[in-house]
Protein chains: 2
Amino acid sequence: MTTRVLVVDDEPQIVRALVINLKARHYEVDSAPDGRTALELAASRHPDVVVLDLGLPDMDGVDVIRGLRGWTRVPILVLSARHSSDEKVQALDAGADDYVTKPFGMDELLARLRAAVRRAEPAGPGEDDVTTVETEAFTVDLAAKKVNRGGRDVRLTPTEWHLLEVLVRNTGRLVGQRQLLQEVWGPSYGTETNYLRVYMAQLRRKLETDPAHPRHFITEPGMGYRFERE
Amino acid sequence: MTTRVLVVDDEPQIVRALVINLKARHYEVDSAPDGRTALELAASRHPDVVVLDLGLPDMDGVDVIRGLRGWTRVPILVLSARHSSDEKVQALDAGADDYVTKPFGMDELLARLRAAVRRAEPAGPGEDDVTTVETEAFTVDLAAKKVNRGGRDVRLTPTEWHLLEVLVRNTGRLVGQRQLLQEVWGPSYGTETNYLRVYMAQLRRKLETDPAHPRHFITEPGMGYRFERE
DNA sequence: GAGGTCTTTGACGCAACCCTGACGGATCGG
DNA sequence: CCGATCCGTCAGGGTTGCGTCAAAGACCTC
């Protein structure tokens, strides 16, 4: 998953320099030339970090910070031509995370950007719940790559785990055999359905209470497989 | 509850100026004149933010950052006389949160400090600084960089320690071999899995009760390794 | 420059894993 | 009723990956 950056500046050459450097490092980049657009884009695109120039044509930069802080904690990295200590204090106290004065070194800016993103990384309270899935027979922890059954850890081989991962991520949905094969074995494997039969059997044997009558790893004849929580 | 700051600098007048200003704003302040003392104080006093001068007499400032990041996510605000962009990048990538060059304005520094503290405020309840991890066979003290086994300190080489640190930080979770290699040996080492085999063997020989049947350093064939406490 | 420690590298035996093919059961349609 | 198709099961063989040991290379200290 790549990081999305929103660049806000009214000077095209600055924007261009930033966009080029960021894209070269595999960031996804949006840009806005003024405060209004910036706030709209931030709301619609949900960037992982905002690089904000304070000298905007339509509104005060500090108000942009306040506007963002009203609803999001996305890291804000402020750019400014002003060296005035007062302005820095205002921006930081309004909720900015960092403040860089122009002209800036690209290496430094990128390093500060990495720092800001890194810091915010594990701030996903909405995603912690998705990491573990429970059934009455076993528990899958996607983050730790662990499967627990009756208090004991179950050993899964890489292929078994990969297969389970794809199924669990699509809980309740049918996953076609072609899709399953390609996600686990690679794009060139579309028809080797016997692989699926073998490995589904392994999963059932290791996880189902009664492997002969599976309750969670459901077979949809001719189409694919489905993982059900209950 | 007041905020606790650890100031690390070898120049007494800087320390004095900071201490005075911080205390006037009702911060609680500790100070250290060198890296060793800084790491000790950080471990014993658990500051909410660290202000760190990079030019210390006893060790490289970046190593102090790494030493802290081995066990805590406390915000680190770096002070430095150097304007070199390279040093900034190194410090930030080592885990620093902000970088201010001397001479600095006190107002700006305080604003950056507030920003750093504010950001760290909603610290995840599960991520409190855990400095020591115990098993029935040995004890790891991440802050002191010490491993104790049966009352005797175990001697670890730098690489062994680094490996252990990464595993312990992810207690219970599986760490992929690629991630392990890149965190310990650097981004360009993604495939030399033989390094892992050799060093995992060393760790097991030094720490496991029965190295042939490891209870804590579990290998997941084809995927990676996992540290389990029990 | 010598001795020691730490890291890197190569070779080997062994276990684990992945693929494969054969067989039997179930379902459906002719 | 019979054939076709699809799925589940099992076991064997080739390959990969892991643990171990030992020795060479790099680095530091004295």
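All values below come from the heavy atoms of this structure, side chains included, with hydrogens, waters and symmetry mates left out. Letters go in sequence order (proteins before strands), and every chain restarts at 1.
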Rounded to whole Å, please give me the gap between CD in A:Q202 and P in D:dA11.
12 Å

Side chain of B:T157 - closest among D:dC18, C:dC18, C:dT7
C:dT7

Nearest-Å distance, CD (A:E160) to C1' (C:dA16)?
11 Å

With axes from five pairs an end, tell me the bend angle of the helix from C:dG1-D:dC30 to C:dG30-D:dC1, nearest 10°.
30°

Using the side-chain hydrogen bond (donor to acceptor under 3.5 Å, both in side chains) definition, which of the options A:T139, A:D153, A:T132, A:D141 pairs with A:N148?
A:D153

Please work out which of the three classes, parallel, tilted or perpendicular, describes the rings of A:F227 and A:F138, given edges at 30° and 60°.
tilted

Do the side-chain N and O atoms of B:E28 and B:T2 include a donor-acceptor pair separated by under 3.5 angstrom?
yes

Tell me if a side-chain donor or acceptor on A:T171 pairs with a main-chain N or O of A:V168 at a distance below 3.5 Å.
yes

Going by atom types alone, do A:T135 and A:E230 pair a side-chain donor with an acceptor below 3.5 Å?
no

What nitrogen or oxygen pairs link the protein and nucleotides 21-26 of chain D at under 3.5 Å?
none

Are the charged groups of A:E136 and A:R215 less than 4.0 angstrom apart, N to O?
yes

Between OG1 of B:T3 and CZ of B:R114, what distance do you get to the nearest 0.5 Å?
11.5 Å

When rounded to whole Å, the CG to P distance for the pair A:L156 and C:dC17 reads 10 Å

Using side-chain heavy atoms (C-beta onward) and a distance below 4.5 Å, is B:L203 in contact with B:L156?
yes

If you take all heavy atoms of B:D9 and B:L56, which pair is closest and at what distance?
CA-CD2, 4.3 Å

Does A:W185 put a side-chain nitrogen or oxygen below 4.0 Å from OP1 or OP2 of C:dC19?
yes

Describe the nucleic acid contact of B:R155 in one word from base, sugar-phosphate, nothing, applying a heavy-atom distance below 4.0 Å.
sugar-phosphate

Between residues 209-230 of chain A and DNA chain D, which residues have a heavy-atom gap below 4.0 Å?
A:T219, A:P221, A:G222, A:Y225

Specify the separation, in whole Å, of atom CG of B:L196 and atom C1' of C:dT8.
13 Å

Separation of atom CG in A:L203 from atom P in D:dT9, rounded to whole Å:
12 Å

Rounded at 0.5 Å granularity, tell me how far NE2 in B:H216 sits from CD in B:E208.
6.0 Å

Nearest to the side chain of B:R204, heavy atoms from C-beta on, is which of C:dT8, C:dT7, D:dG19?
D:dG19

Judged by modelled atom types alone, do B:E108 and A:Y99 share a side-chain donor-acceptor pair under 3.5 Å?
no

Of the options C:dC6, D:dG19, D:dC7, whose atoms approach the side-chain atoms of B:R197 most closely?
D:dG19

Whole-Å distance between D:dC7 P and A:Y195 OH?
16 Å

Once you measure the plane-to-plane angle for B:Y199 and B:W185, does it fall in the parallel (<30°), tilted (30-60°) or perpendicular (>60°) bin?
perpendicular

Once you round it to whole Å, what is the distance between P of C:dC6 and OH of B:Y199?
9 Å

note: B:L163, atom CG; C:dT7, atom C1'; distance rounded to Å ~ 13 Å

So, is B:Q177 close to the D:dC18 phosphate, meaning a side-chain N or O under 4.0 Å from OP1 or OP2?
yes

